[in-house]
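The residues of the chain are indexed from 1 along the displayed sequence.
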Amino acid sequence: MIQNAIDYSTIVNDGIVNSRVYKDEKIFEDEIKKIFHNGWSFVAHESEVPKPGDYVRRSIGREPYLVIRNRDGEVNVISNKCTHRGTLLCQEEKGNVRGAITCWYHGWVFGLEGDLKSVPYGVGSKGLDHKCLPKATVGNYKGFLFATLNPNAIDFMEYLGDGATLIDRAVEASPIGKIRLDAGWAKFLYKTNWKLQCENNIDGYHVNYVHASLARSIESRYNEAVLAGEDELKTTAVDWGNGHSELFLAAGFSSDLEWLGYSDKKPMKPFAKAYCDQLREAYGDNRASRIIHDGPPHALIFPNLFLAETNIVYYEIDQVGETVQRHTPMLLEGVSDELNTRIIRLCEAALGPSSFFLPDDGVITERQDSAFEGLPMEIDLRRGMGRENRNGMGVMESHVTDEVTNRAFWNRYKEVMAA
């Protein structure tokens, strides 16, 4: 086994990435184990399971798990495979199991903690060490739930690092500091490797080309990225460490609530003005002014969570050449229905099947993936190397078209995979 180990120092090195990482089945199996089983990845938001017995089906790597709330109000992540014969316990995407989970095949009953409650015809099981459902270790930061199958994983907050700042900025868009993800998840299948989707989300270099039709069609907050020259672009690319990164769009905003679609040409409606007043009352003028102007981040939390401003996106990993994207609007607690309705409409416009972004990005990444069917090549992600600078918060920042965000992803990838 040792002699067949992949040398990741030759796969990822100083801004050069070998295209094998998108096609090699052995590398993909390595990723399943090292990144998704042994490391932390996003699985759900606690608002998805508000009541005891509520569950949602999710995967950790390829392993089927349930995110489920117990009677004490705690959220567990437990295996969705019966420990008897491996049958999937819960078939629906979400639901409520009341007080216990019963296997459809032989009637074994498990509690909301995964504990084995009863086995029918128990005499035949006398003396046997039947097992409870395996539980993942859970990390919860402001309602965002991450999980790992590794009992000796890196400390959750150490993993999250400065990425916590990004989640803070998403959550503070609510005047009471709470969001909910209960509008339903849209599901899309990309015929690409999962890493191409992560790269694309935090790539500020492609907007002027892949999404050029956007600026020609509508007034949007992305006009600066599409219409300005290189020296005029104000948006920046930021490496927050641990593989977490951001396109700081707010640096290019020229008006308040631009992230909600308002501008000098499109004045705020009364419910939007009321929302600004709520933020000022909740946070004070200085902090509220920043929130009103900047909005939530456009950022990747390594490896599979994308904070897409007023949307939440995550990726399910199953095959080397297929990736499932799920997305939902990030609804805010403590605001008017009109404001959340606007967020839903923005989600449809940005990520729906007839939107400007999702189809464009799907096509361009599938073209990349198809190109990698041939001989391996060196992917060049060195743009902007040497002109990054530490900003006032001590994180690496550079021009929006620089590939500092992609290098952030790959540096962490190499660190995890080579460990």
K.L.:
Which residues pass the salt bridge (charged side-chain N to carboxylate O under 4.0 Å, His left out) test with E316, not counting sequence neighbours?
P.N.:
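Expected list: R326.
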
K.L.:
Between N201 and Q197 (side chain of the first, backbone of the second, donor and acceptor by atom type, cut-off under 3.5 Å), is there such a pair?
P.N.:
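Yes, N201 side chain to Q197 backbone: donor-acceptor pair under 3.5 Å.
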
K.L.:
May I ask you to check if R342 and F271 form a cation-pi contact, with NZ or CZ under 6.0 angstrom from the six-membered ring centre and within 45° of the axis?
P.N.:
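Verdict for F271: no cation-pi partner in R342.
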
K.L.:
Who passes ring-ring contact (aromatic ring centres under 6.0 Å, His included) against F146, sequence neighbours left out?
P.N.:
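Checked F146 against ring-ring contact (aromatic ring centres under 6.0 Å, His included); matches are F42, F156, Y159.
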
K.L.:
Just by modelled atom types, is the L358 backbone N or O under 3.5 Å from a matching donor or acceptor in the Q325 side chain?
P.N.:
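Pair absent, no side-chain N/O of Q325 close to backbone of L358.
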
K.L.:
What residue pairs, at least two apart or across chains, pass salt bridge (Lys or Arg N to Asp or Glu O under 4.0 Å) with a residue in residues 199-209?
P.N.:
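Every candidate salt bridge (Lys or Arg N to Asp or Glu O under 4.0 Å) pair involving residues 199-209 fails, so no pair, neighbours aside, qualifies.
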
K.L.:
Would you please name every residue forming a ring-ring contact (aromatic ring centres under 6.0 Å, His included) with Y190, sequence neighbours left out?
P.N.:
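With neighbours one apart ignored, the set is empty.
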
K.L.:
Under 6.0 Å between the ring centres of W185 and Y314?
P.N.:
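Distance test on ring centres: under 6.0 Å, yes.
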
K.L.:
Under the salt bridge (charged side-chain N to carboxylate O under 4.0 Å, His left out) test, which residues partner K195, sequence neighbours left out?
P.N.:
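Salt bridge (charged side-chain N to carboxylate O under 4.0 Å, His left out) list for K195, sorted by chain: E31.
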
K.L.:
Could you tell me whether R382 and D14 have a side-chain N and a carboxylate O separated by less than 4.0 Å?
P.N.:
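Judged by the 4.0 Å cut-off on N to carboxylate O distance, R382 and D14 do not form a salt bridge.
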
K.L.:
Can you name the side chain to side chain donor-acceptor pair (under 3.5 Å) partners of N286, sequence neighbours left out?
P.N.:
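With neighbours one apart ignored, the set is empty.
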
K.L.:
Check V395, I202, L247 against V238 for a side chain to side chain contact (heavy atoms under 4.5 Å, CB included) and give me the one that passes.
P.N.:
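Of the listed residues V395, I202, L247, the side chain to side chain contact (heavy atoms under 4.5 Å, CB included) partner of V238 is V395.
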
K.L.:
Closest heavy-atom contact between P297 and L166?
P.N.:
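That closest heavy-atom pairing would be CG-O, 3.3 Å.
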
K.L.:
For A288 and Y283, work out which heavy atoms get closest and say how close.
P.N.:
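Looking at all heavy atoms of both residues, the closest pair is N-CB, 4.2 Å.
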
K.L.:
With sequence neighbours left out, which residue pairs that include part of residues 237-246 fulfil the side-chain hydrogen bond (donor to acceptor under 3.5 Å, both in side chains) condition?
P.N.:
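Sorted pair list: R169-E246, W240-E246.
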
K.L.:
Quick one: does any side-chain atom of R180 pair with a main-chain N or O of S47 as donor and acceptor, under 3.5 Å?
P.N.:
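Not a single qualifying donor-acceptor pair exists.
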
K.L.:
For residues 156-167, pull every pair meeting salt bridge (Lys or Arg N to Asp or Glu O under 4.0 Å), keeping only residues two or more places apart or in separate chains.
P.N.:
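Found none.
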
K.L.:
Tell me if the CD atom of E281 is crowded by more than 12 foreign heavy atoms within 6.0 Å.
P.N.:
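Not buried by this count: 12 neighbours or fewer within 6.0 Å.
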
K.L.:
Determine, using ring centers only, whether W194 and F36 are less than 6.0 Å apart.
P.N.:
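Aromatic pair counts; centres sit under 6.0 Å.
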
K.L.:
Which heavy-atom pair separates C132 from T83 by the least distance, and what is that distance?
P.N.:
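Nearest heavy atoms, C132 then T83: O-CG2, 3.2 Å.
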
K.L.:
Run the salt bridge (charged side-chain N to carboxylate O under 4.0 Å, His left out) test against E397 and tell me which residues pass, sequence neighbours left out.
P.N.:
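Checked E397 against salt bridge (charged side-chain N to carboxylate O under 4.0 Å, His left out); zero matches.
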
K.L.:
Return each pair, listed once, that meets salt bridge (Lys or Arg N to Asp or Glu O under 4.0 Å) where at least one residue sits in residues 80-92; pairs must be two or more places apart or across chains.
P.N.:
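Checked against salt bridge (Lys or Arg N to Asp or Glu O under 4.0 Å) - neighbours excluded - the pairs reaching residues 80-92 are E63-K81.
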
K.L.:
Please name all residues satisfying side-chain contact (heavy atoms from CB on, under 4.5 Å) with A186, sequence neighbours left out, ordered by chain then number.
P.N.:
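Applying side-chain contact (heavy atoms from CB on, under 4.5 Å) to A186 gives F188, H327.
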
K.L.:
Please find the pair of heavy atoms, one from N70 and one from P52, that lie closest to each other, and give the distance.
P.N.:
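Taking N70 first and P52 second, the nearest heavy atoms are O-CB, 3.6 Å.
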
K.L.:
List in chain and number order the residues that pass ring-ring contact (aromatic ring centres under 6.0 Å, His included) with F144, two or more places apart in sequence or in another chain; answer none if no residue qualifies.
P.N.:
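So F144 forms a ring-ring contact (aromatic ring centres under 6.0 Å, His included) with H45.
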
